Novice: 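Before we start, here is the structure in question, set down as structure tokens.
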Amino acid sequence: MSSFDFVVRNSAGQALAGSDFLGYSLVQEGSVVVVDQQLARINFSTTIKSKAPPIVAIQVRQYGGAWIRLCRVIGVEGNWTHCVLVGNRFSSSEPASVTYMYRVYAAEARSSESYGLRTVSDTNIVSFDSGFKQLVFTSFAYQWQGWPKVVDGNAPAGNNRVTWVGYRNPTLNVPPDGWLALSLANNSFTTTMESNATGKWQTYPMEVESTFVYESGRLIILFELYAATTAINYNIQFNTFCPIIEN
Amino acid sequence: MSFGIITRAADGSENFRAEGQTLRVIHHQVIQSSFTGDVQVSGVTPANAIAYCIPRNPNPYDRGLLTVMGDGFVRLSRYNNSYPPKTNLDLIVLAIL
């Protein structure tokens, strides 16, 4: 960051905005219906031309027993077009279809038509415009603890057996009006596990999908583990830093 | 807040005030799906940064790389060798500064 320019810092001295500070600003918001195990889509009203992908946040109020297990931005650098989501409910007694409020934040601000404050970087990119809500978060989930929610799925052995493993944040109280930056989560990846189901210890590939759950003010990460047999020895590593947006 | 900056939209709703924290893109790199190992990113820790990968493939179910934040680096790993070869992914690192 240059030695002189316009910079705004919080009381801890951390930068929040500045003329060469490419933060995120709100460019679109609305609602989307997400159905269990089906693909839902949020089309960006205007192609987002930032180099880095936008951040899609979902309001936690609509969580409960119905969750989102996939939230992925689609596109390439300079041409981000839409976001897809897949619903996931833990049991058939929970709603199969939920309407979620969403927000889309982009890493390059646009110019608003109104008057106010606007800063432009030395590469002629609008870095701040007072006409748009800035992405600011007031808390974040960082420390996660294992939660006694390990349930072996009902899939027959040897055919994509599913195991559920949960972690929760025991101290962070998330308000129902808070927004979760879901597109940042490590939604799905491949890792390994060990099993001796065949009588001999072997290493198998294991697909992992993470789902965020909101229950009584607490944030929970629920992992679905897909493997050919019951997962026994595994080490799931995941993004632990989860910002909560409240403004 | 007794001093600082607040900006408001034309309808009077607040868009920004100098409180809280925000994220800034500090690293953006295009990598191939065969990549595993550490990417050095100065100043990051698991408490102040997040890293994630987005496959540049319109199939939303394609698996990304596992990203784990360490002190000063991002560790990437993937097991499944049947992943489409030469698929590009965007590695993004966001941090509080």
Side-chain angles (χ1 to χ4, degrees), chain A residues 1 8-12 14-17 21-26 39 51-53 55 70 72-74 76-77 84 86 107 112 114 116-117 128 130-138 140 142 181 183-192 205-208 237-243 246-247, chain B residues 1 3-11 13-28 30 44-69 75-83 88 90 92-97:
Chain A
M1 199 171 286
V8 178
R9 299 184 186 277
N10 62 15
S11 58
Q14 296 163 328
L16 290 176
F21 182 102
L22 213 54
Y24 286 82
S25 57
L26 181 65
L39 208 63
K51 185 179 176 191
I55 293 174
L70 177 76
R72 197 178 129 198
V73 173
I74 305 292
V76 295
E77 173 180 319
V84 292
V86 174
S112 66
S114 59
L117 174 67
F128 179 89
S130 60
F132 295 97
K133 187 179 288 288
Q134 304 301 309
L135 190 156
V136 171
F137 61 92
T138 49
F140 58 89
Y142 167 50
S183 66
L184 301 183
N186 231 5
N187 296 110
S188 61
F189 52 88
T190 308
T191 184
T192 59
M206 181 170 72
E207 306 288 342
V208 181
Q237 294 177 304
F238 56 96
N239 288 325
T240 58
F241 180 85
C242 177
E246 293 187 45
N247 67 337
Chain B
M1 183 172 77
F3 64 92
I5 185 169
I6 299 175
T7 67
R8 299 184 186 279
D11 62 3
S13 61
E14 192 174 294
N15 277 343
F16 174 76
R17 63 165 54 206
E19 285 182 343
Q21 297 163 304
T22 193
L23 293 168
R24 179 180 183 183
V25 178
I26 61 167
H27 188 86
H28 182 186
V30 179
V44 298
T45 72
N48 73 3
I50 185 167
Y52 65 108
C53 272
I54 298 181
R56 287 193 173 189
N57 185 331
N59 180 358
Y61 293 102
D62 270 351
R63 304 289 176 180
L65 295 184
L66 168 60
T67 60
V68 176
M69 184 64 65
R75 180 153 296 157
L76 303 171
S77 62
R78 130 159 247 107
Y79 175 83
N80 190 352
N81 293 326
S82 65
Y83 196 87
N88 289 333
D90 286 88
I92 316 291
V93 181
L94 305 174
I96 305 168
L97 295 178

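Here is how names work: the chains are called A, B, and so on, in the same order as the sequence lines, proteins then strands, and each is numbered from 1. These numbers were taken from a predicted model, which means no experiment stands behind them.
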Novice: Please report the interatomic distance OH(A:Tyr24) to CG(B:Leu23), rounded to the nearest 0.5 Å.
Specialist: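 Going from the OH atom of A:Tyr24 to the CG atom of B:Leu23 covers 7.5 Å.
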
Novice: For A:Ile74, is it the side chain, the backbone, both, or neither that has a heavy atom closer than 4.5 Å to a heavy atom of chain B?
Specialist: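 Contact with chain B is through the side chain of A:Ile74 alone.
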
Novice: Evaluate the side-chain contact (heavy atoms from CB on, under 4.5 Å) criterion for residues B:Glu19 and A:Val136: first the C-alpha distance (whole Å), next the side-chain angles of each, then the deciding distance (0.1 Å), finally the verdict.
Specialist: CA-CA 8 Å; B:Glu19 285 182 343; A:Val136 171; 5.9 Å; no

Novice: Shorter than 4.5 Å, heavy atoms on both sides: which option in A:Val86, A:Leu26, A:Val8 has the most such pairs with chain B?
Specialist: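 Going by pairs under 4.5 Å, I would pick A:Val8.
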
Novice: Based on non-hydrogen pairs under 4.5 Å, which of A:Pro53, A:Ala181, A:Gly23 is most in contact with chain B?
Specialist: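 Maximum pair count with chain B is reached by A:Pro53.
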
Novice: Top residue by heavy-atom pair count (under 4.5 Å) with chain B, among A:Val84, A:Val73, A:Leu117, A:Leu39?
Specialist: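 Going by pairs under 4.5 Å, I would pick A:Leu39.
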
Novice: Donor-acceptor check, side chain of A:Lys133 to backbone of B:Phe16, threshold 3.5 angstrom: yes or no?
Specialist: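 A pair under 3.5 Å: no.
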
Novice: Can you see which heavy atom on B:Ala18 is nearest to which on A:Arg9, and at what distance?
Specialist: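 Closest pair (atom of B:Ala18, atom of A:Arg9, distance): CB-O, 3.9 Å.
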
Novice: How many angstroms lie between atom CD of A:Gln134 and atom OG1 of B:Thr7, to the nearest 0.5 angstrom?
Specialist: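 So the CD of A:Gln134 and the OG1 of B:Thr7 are separated by 6.5 Å.
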
Novice: Rounded to the nearest 0.5 Å, what's the gap from CD1 on B:Ile92 to OG on A:Ser183? Could you check?
Specialist: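 The OG atom of A:Ser183 is 10.5 Å from CD1 of B:Ile92, to the nearest 0.5 Å.
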
Novice: Does A:Phe132 have any ring pair (Phe, Tyr, Trp, His ring centres under 6.0 Å) partners at least two apart in sequence or in another chain, and if so, which?
Specialist: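 A:Phe132: no ring pair (Phe, Tyr, Trp, His ring centres under 6.0 Å) contacts found.
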
Novice: Apply the test side-chain contact (heavy atoms from CB on, under 4.5 Å) to residues A:Leu16 and B:Ile5: give CA-CA distance (whole Å), side-chain angles for both, the deciding distance (0.1 Å), then the verdict.
Specialist: CA-CA 11 Å; A:Leu16 290 176; B:Ile5 185 169; over 6 Å; no

Novice: Applying side-chain contact (heavy atoms from CB on, under 4.5 Å), run through A:Asn10 and B:Gln21 and close with a yes or a no.
Specialist: CA-CA 7 Å; A:Asn10 62 15; B:Gln21 297 163 304; 4.0 Å; yes

Novice: Do the side chains of B:Arg56 and A:Glu77 get close enough for a salt bridge, i.e. N-O under 4.0 angstrom?
Specialist: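 Result for this pair is yes, salt bridge flagged.
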
Novice: For A:Gly131, is there any backbone N or O sitting under 3.5 Å from a side-chain donor or acceptor partner on B:Arg8?
Specialist: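 No, because the side chain of B:Arg8 does not come within donor-acceptor range (under 3.5 Å) of the backbone of A:Gly131.
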
Novice: Out of curiosity, B:Asn15 CG to A:Ser25 OG, how far, rounded to the nearest 0.5 Å?
Specialist: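 One finds 9.5 Å between CG of B:Asn15 and OG of A:Ser25.
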
